[in-house]
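Read the structure below first, then the notes.
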Number of protein chains: 2
Amino acid sequence: MKEKRTIKRVQKIIAAFFRENRRMPSFAEMIGLLDVKSKSVVHFWINKLIDAGILAKDGQGRLSFTKQAFAIPLVGSVQAGFPSDEEETVGDILSMDEYLITKPESSFLLQVSGDSMIDEGIREGDLVIVERDKQPRNGDIVIAEVDGEWTLKYFRQQENQVFLEAANPKYPVIRPKKELRLGGVVTAVIRKYHH
Amino acid sequence: MKEKRTIKRVQKIIAAFFRENRRMPSFAEMIGLLDVKSKSVVHFWINKLIDAGILAKDGQGRLSFTKQAFAIPLVGSVQAGFPSDEEETVGDILSMDEYLITKPESSFLLQVSGDSMIDEGIREGDLVIVERDKQPRNGDIVIAEVDGEWTLKYFRQQENQVFLEAANPKYPVIRPKKELRLGGVVTAVIRKYHH
DNA sequence: TTGATAATAGAACGAATGTTCTATATAGAA
DNA sequence: TTCTATATAGAACATTCGTTCTATTATCAA
């Protein structure tokens with residue numbers, strides 16, 4: 001049996017296209033995607049999605065997804081139910097990129113090696129997002145040069161005294177004698193489980 | 001003094017527009033963005049970016065960023081230098097969305113509460129990405145219902161015996177008597193530091 | 001200076017865009 | 001059945017798209 005066209009289904013089709021091509025399909029392309037034979041039918045459904053608040057048009061009349069629609073559901077605390085395919089989720093935001101990377105031009109990713117921040121829950125193999133030009137505050141996690149090597153450390157500041165501390169008791173506190181070389185401040189930690 | 005147009009600068013301008021509007025600007029819009037007065041000049045620069053491998057055209061002749069260009073640099077191990085603004089970085093990939101979320105239609109985010117997985121480096125307030133329909137394997141982290149509450153646990157499997165284990169010695173091992181309700185498998189952990 | 005190259009401007013063009021109209025087909029209620 | 005609302009098709013349209021051409025200006029080396 002053939003699938004009926006519903007708002008949800010059309011949304012998924014367009015979202016899939018967007019994720020794959022990083023752009024919206026044209027009406028002509030949607031004729032194929034939605035399996036219809038006329039642009040006016042596409043127009044018909046697009047208007048439905050706009051009315052439903054899933055799509056929107058910007059100033060130039062260009063089509064784009066609402067933040068709501070593009071986000072994957074965020075669940076605060078898991079109760080009896082999980083977000084199902086059909087139901088609307090109250091959850092907020094977000095694209096991972098937007099959520100994690102505030103300043104893309106001065107950020108970079110670093111793969112963690114070593115266990116100097118193990119008690120902070122940062123483990124070997126994790127990715128950290130580092131912001132280069134950021135001014136570290138007391139307690140921030142920074143990338144610092146220690147004995148010619150770069151490692152992750154807490155940045156501590158006490159009465160004009162600056163020192164570095166690992167989140168692992170087996171590493172000593174570092175009190176820099178002269179200059180302290182910092183590579184940036186850690187703004188996020190990412191761990192992916194590979195199955 | 002006015003800024004000279006360079007490939008890098010044009011790339012940044014277009015990338016900024018893309019990030020903000022989730023789409024490529026048209027040539028007409030780029031006239032304003034690049035501060036020129038003719039579409040042919042835009043055409044001239046776009047071709048430069050294409051030659052440089054920063055932009056590309058898909059089958060329909062649509063403009064899009066190369067994966068290379070869109071990614072933020074990934075540094076394996078930090079050596080003497082950090083990725084600077086101008087230099088090219090060898091690092092691979094990635095958009096966070098693409099990297100983290102393989103199946104957007106069956107994934108959701110969950111904010112972690114409690115300390116049941118603390119020894120795994122998953123802490124209260126972290127976000128975990130959960131894949132709903134995934135079949136858990138031995139050692140995977142799953143969302144499971146225990147005593148009417150949902151928590152994170154290791155999924156263990158030994159000789160047809162299934163049980164749940166916390167990454168925290170203060171929680172006992174769970175050996176389900178009858179049915180075991182699972183909400184999904186954790187595929188990634190995300191922690192953002194708010195400054 | 002002169003000469004050569006790179007960069008910019010402007011106009012013209014066919015192709016593709018989204019919109020709008022009329023007409024036909026389908027489905028459910030009365 | 002008939003009536004009504006919904007869904008689909010097809011064509012026509014003005015607008016915008018990216019391309020291509022010629023011409024002018026800026027840059028820099030010889």
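Here is how names work: the chains are called A, B, and so on, in the same order as the sequence lines, proteins then strands, and each is numbered from 1.
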Next on the checklist: So for atom CZ, which belongs to A:Arg137, do other residues, nucleotides or ligands contribute more than 12 heavy atoms lying within a distance under 6.0 Å?
Outcome noted: no
Taking [atom1] from [X] and [atom2] from [N], how many angstroms apart are they, rounded to a whole number?
X: A:Lys37; N: C:dA25; atom1: NZ; atom2: P; result: 13 Å
X: A:Ile50; N: C:dG18; atom1: CD1; atom2: P; result: 11 Å
X: B:Met24; N: D:dT16; atom1: CE; atom2: P; result: 22 Å
X: A:Lys39; N: D:dA14; atom1: NZ; atom2: C1'; result: 12 Å
X: A:Phe27; N: D:dA12; atom1: CZ; atom2: C1'; result: 17 Å
X: A:Trp45; N: D:dT6; atom1: CH2; atom2: P; result: 12 Å
X: B:Leu34; N: C:dA7; atom1: CG; atom2: P; result: 14 Å
X: B:Asp35; N: C:dT8; atom1: CG; atom2: P; result: 10 Å

Residue [X], side-chain atoms from C-beta onward, closest of [options]:
X: A:Val36; options: D:dT19, D:dA9, C:dA9; answer: D:dA9
X: B:His43; options: C:dT19, D:dG18, D:dT19; answer: D:dT19
X: A:Phe44; options: D:dG10, D:dT19, D:dA7; answer: D:dA7

Item to check | A:Lys57 side chain near A:Leu63 side chain, heavy-atom distance below 4.5 Å | outcome: yes
Checklist entry - Just wondering, do B:Lys39 and B:Ile31 contact through their side chains at under 4.5 Å, heavy atoms? => result yes
Next on the checklist: So, OP1 or OP2 of C:dA7: does either fall under 4.0 Å of a side-chain N or O from B:Lys48?
Outcome noted: yes
Checklist entry - Within the structure shown, what part of the strands sits under 4.0 Å from A:Ser40 by heavy-atom distance: base, sugar-phosphate, or nothing? => result base
Checklist entry - Pick the nucleotide of DNA chain C nearest each of B:Ser38 and B:Arg62; which residue has the one closer to the 5' end? => result B:Ser38
Checklist entry - To the nearest 0.5 Å, how far apart are CZ in A:Arg191 and CZ in A:Arg123? => result 5.0 Å
Checklist entry - Roughly how far, to the nearest 0.5 Å, is CD1 of A:Ile122 from CG of A:Asn168? => result 12.0 Å
